[in-house]
Structures are given as C-alpha cells and as structure tokens.
Amino acid sequence: MRGFDHVDTWVFDLDNTLYPASCRLFDQIDVKMGEFVSKLLKVEYAEAKLRQKQMFYKYGTTLRGLMTEHGIEPDAFLDYVHDIDHSPVPLNMLLDEALHALPGRKLIFTNGTVAHAEKVLARIGITHHFGDIFDIVHSDFIPKPEMEPYRKFVGQTGIRPETSAMFEDIARNLEAPHALGMTTVLVVSPQNDDAEHLNKATGGTVQEHIHHITDDLAAFLAAIIAKRID
C-alpha cells in the first residue's frame with residue numbers, strides 16, 4: 001500500500017466524506033432531486049426517483065443527466081436541491097484537530113456547490129482549514145468521475161498529483177485521480193446507500209485504483225499524522 005510521507009496536498013470530497021452518512025444530510029438533497037425531476041418530467045414521485053437514480057448512476061450526477069437528456073439550465077436545479085436544513089451535520093472536533101496537525105494544503109473538490117460546501121464546513125467546524133473549494137460550477141457542470149474536471153482542478157489549483165491524496169466516498173471517482181498519480185482513499189459507510197450500491201456495481205472496494213479504505217476519516221488522518229511524527 002502506498003504511504004503518505006510524500007503527500008503535501010490533501011483533497012477531500014464533501015458529501016458523505018467529510019461528514020458521516022449517518023447524519024442523513026444527503027437524504028434531504030436526494031428527496032429534493034426527486035421532487036425536481038417529478039415536476040420537470042410531470043411524473044409521479046416514485047417514477048421520478050427511478051429516473052433520477054438512473055441518471056446519477058449513468059452520468060455521475062443527476063444534474064448532468066438532466067442537462068444531457070432534457071437540456072435544463074443548471075442554476076435552478078442547484079438552488080432547489082441545496083435549499084436544505086444543514087443542522088444535522090455534527091461538529092467534529094477530532095476531525096478539526098487532525099486537519100490542523102496535517103501538514104500541507106487542504107482543498108475541497110465536490111460535485112456540489114461552493115455555497116453548500118461552505119455551510120457544511122461551517123457546521124463541522126473546519127472551514128478555516130481549506131484554501132479553496134472547487135465545485136460543479138468550476139468544472140463547467142461536468143462531474144466526477146469524468147477525467148476532464150480533475151484536469152481542470154489540477155490546472156486551477158496548481159497541485160502536483162504525484163504529491164497529493166484524494167479522499168472520496170464513491171470508488172469510481174478515484175479512478176481518475178489514481179490515473180493522474182494521486183494517492184487514493186475511499187471513505188465507506190453502510191449508511192451511505194447510493195455509494196454502497198454504486199461501489200458494488202462498479203467492482204467493489206478492493207480495486208487497483210483504491211490505495212486505502214477507512215470508515216473513520218478523523219482516526220485515519222490521526223494515524224497518518226502519528227506515523228509521520230514517528
């Protein structure tokens with residue numbers, strides 16, 4: 001397994017990676033995506049959820065599917081689905097301490113929006129650690145796992161992939177960073193329903209492009225720090 005002694009840049013996905021899936025925050029977004037599709041396509045909610053999941057699994061995000069198949073403008077969708085109650089996201093002092101002790105740059109790379117990310121980071125109590133947030137708008141609405149947004153992320157932030165680590169909850173989203181030379185970490189949770197389904201459908205969690213797996217991000221980072229000190 002690849003170690004972390006060479007890493008000077010730490011790149012984190014947001015949803016269900018920096019906060020626990022058990023707080024069910026993304027469930028709110030999931031419901032609102034179903035509502036949006038139901039209204040747009042004029043179908044019952046159950047049918048809308050089926051179509052929404054199909055688009056998510058095929059395109060990487062529901063938004064990309066709606067833009068590709070139905071030609072929607074993204075702003076209305078993004079505003080609607082992120083208009084949620086962020087209070088379920090818990091404060092995480094252990095994660096704050098681990099990020100503080102972790103040397104180097106820390107960045108967010110999300111298929112969500114900057115506004116959503118800022119609210120989440122504030123709830124966790126870790127906003128001050130992150131120098132940049134690269135969101136779906138920065139990637140021209142082309143989502144992970146496509147290679148294009150990763151290349152744009154590297155170009156915009158100036159990171160060196162070979163000295164960077166990427167943390168994600170969806171296995172296929174680590175294929176591109178691995179190909180670019182990044183160290184990869186999959187953050188898993190049995191309560192992360194979509195990721196569990198998608199990971200099983202795309203080869204599982206034990207794959208060449210996944211260097212490490214953890215179900216406790218704060219403890220995992222603390223272990224990296226302890227090893228580097230030793």
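Atom OG1 of T61 is separated from atom CG of L78 by 8.5 Å, given to the nearest 0.5 angstrom. Note: M166 CE to L186 CG = 11.0 Å, rounded to the nearest 0.5 Å.
Judged as a side-chain hydrogen bond (donor to acceptor under 3.5 Å, both in side chains), and not counting sequence neighbours, N111 has no contacts. Scored by the ring-ring contact (aromatic ring centres under 6.0 Å, His included) test, F141 finds no partners at all (sequence neighbours excluded).
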- Item | Steps toward side chain to side chain contact (heavy atoms under 4.5 Å, CB included) verdict (L121, I108) | CA-CA 10 Å; L121 296 176; I108 301 293; 4.2 Å; yes

Assess whether side chain to side chain contact (heavy atoms under 4.5 Å, CB included) is satisfied between N173 and D13, documenting all intermediate values.
CA-CA 10 Å; N173 289 356; D13 174 51; 5.9 Å; no

*Full working for side chain to side chain donor-acceptor pair (under 3.5 Å) between D194 and H197*: CA-CA 5 Å; D194 277 336; H197 173 83; over 6 Å; no

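Checked by atom type and distance alone, the side chain of S38 never pairs as donor or acceptor with a backbone atom of G34 at under 3.5 Å. Side-chain N or O atoms of T68 include none that pairs as donor or acceptor with a backbone N or O of G65 at under 3.5 Å. Without hydrogens or angle criteria, T184 side chain to H211 main chain gives a donor-acceptor distance under 3.5 Å. Between the side chain of T127 and the backbone N or O of A122, at least one donor-acceptor pair lies under 3.5 Å. In this structure, the side chain of D30 does not engage the main chain of F26 through any donor-acceptor pair within 3.5 Å. Using a distance-only test at 3.5 Å, with no hydrogens or angles considered, a donor-acceptor pair links the side chain of H209 to the main chain of A171. Although no hydrogens or angles enter the test, the distance criterion places a donor-acceptor pair under 3.5 Å between the side chain of K106 and the main chain of L99. Looking at D85, its side chain does come within 3.5 Å of a backbone N or O of S87 through a donor-acceptor pair.
One finds no salt bridge joining R105 and D132 here, because no Lys/Arg side-chain nitrogen approaches an Asp/Glu carboxylate oxygen to under 4.0 Å. Classification of R24 and D193 as a salt-bridged pair holds, one side-chain N sitting under 4.0 Å from a carboxylate O. Taking 4.0 Å as the cut-off between side-chain N and carboxylate O, E146 and R64 do not count as a salt-bridged pair. Between D5 and K227 there is no salt bridge, since none of the side-chain N atoms of the basic residue sits less than 4.0 Å from a carboxylate O of the acidic one. Salt bridge E35/K39: absent, no basic N to carboxylate O contact under 4.0 Å.
Considering only heavy atoms from C-beta on, F36 stays 4.5 Å or farther from Q52 through its side chain. K144 has its side chain out of reach of I170: every pair of non-hydrogen atoms, C-beta onward, lies at least 4.5 Å apart. Residues P177 and L174 are in side-chain contact: their nearest non-hydrogen atoms beyond the backbone lie under 4.5 Å apart. With a 4.5 Å cut-off on side-chain heavy atoms, P90 and P20 count as touching. Side-chain contact check for D140 versus K152: some heavy-atom pair is nearer than 4.5 Å. Taking 4.5 Å as the limit, every side-chain heavy atom of L63 sits out of range of all side-chain heavy atoms of P143. Side-chain contact between Q191 and N16 is absent, with no heavy-atom pair separated by less than 4.5 Å. At least one side-chain heavy atom of M33 sits under 4.5 Å from a side-chain heavy atom of F77.
Both I84 and V114 are members of a single hydrophobic cluster when ILVMFWY side chains are connected at heavy-atom separations under 4.5 Å. L221 and M93 fall into different hydrophobic clusters, where Ile, Leu, Val, Met, Phe, Trp and Tyr residues are linked whenever their side-chain heavy atoms come under 4.5 Å apart, directly or through other members. Residues I29 and Y59 share a hydrophobic cluster, clusters being chains of Ile/Leu/Val/Met/Phe/Trp/Tyr side chains in contact below 4.5 Å. L66 and F56 fall into different hydrophobic clusters, defined by Ile, Leu, Val, Met, Phe, Trp and Tyr side-chain heavy atoms under 4.5 Å apart, directly or through other members. No continuous path of ILVMFWY side-chain contacts below 4.5 Å connects V187 to L94, so the two sit in separate hydrophobic clusters.
Heavy atoms of other residues, nucleotides or ligands lying less than 6.0 angstrom from CD of E148 number 12 at most.
Side-chain atoms of D15 and H116 form a donor-acceptor pair, as typed in the model, at a separation below 3.5 Å. Between the side chains of H128 and H100, no donor-acceptor pair of N or O atoms lies under 3.5 Å.
Considering L102, T163, T183 in turn, T183 is the only one that fulfils the side-chain contact (heavy atoms from CB on, under 4.5 Å) rule with V7.
Between L91 and G125 the shortest heavy-atom distance is CD1-CA, 4.0 Å. Among all heavy-atom pairs drawn from W10 and P103, the shortest one is NE1-O, 2.7 Å.
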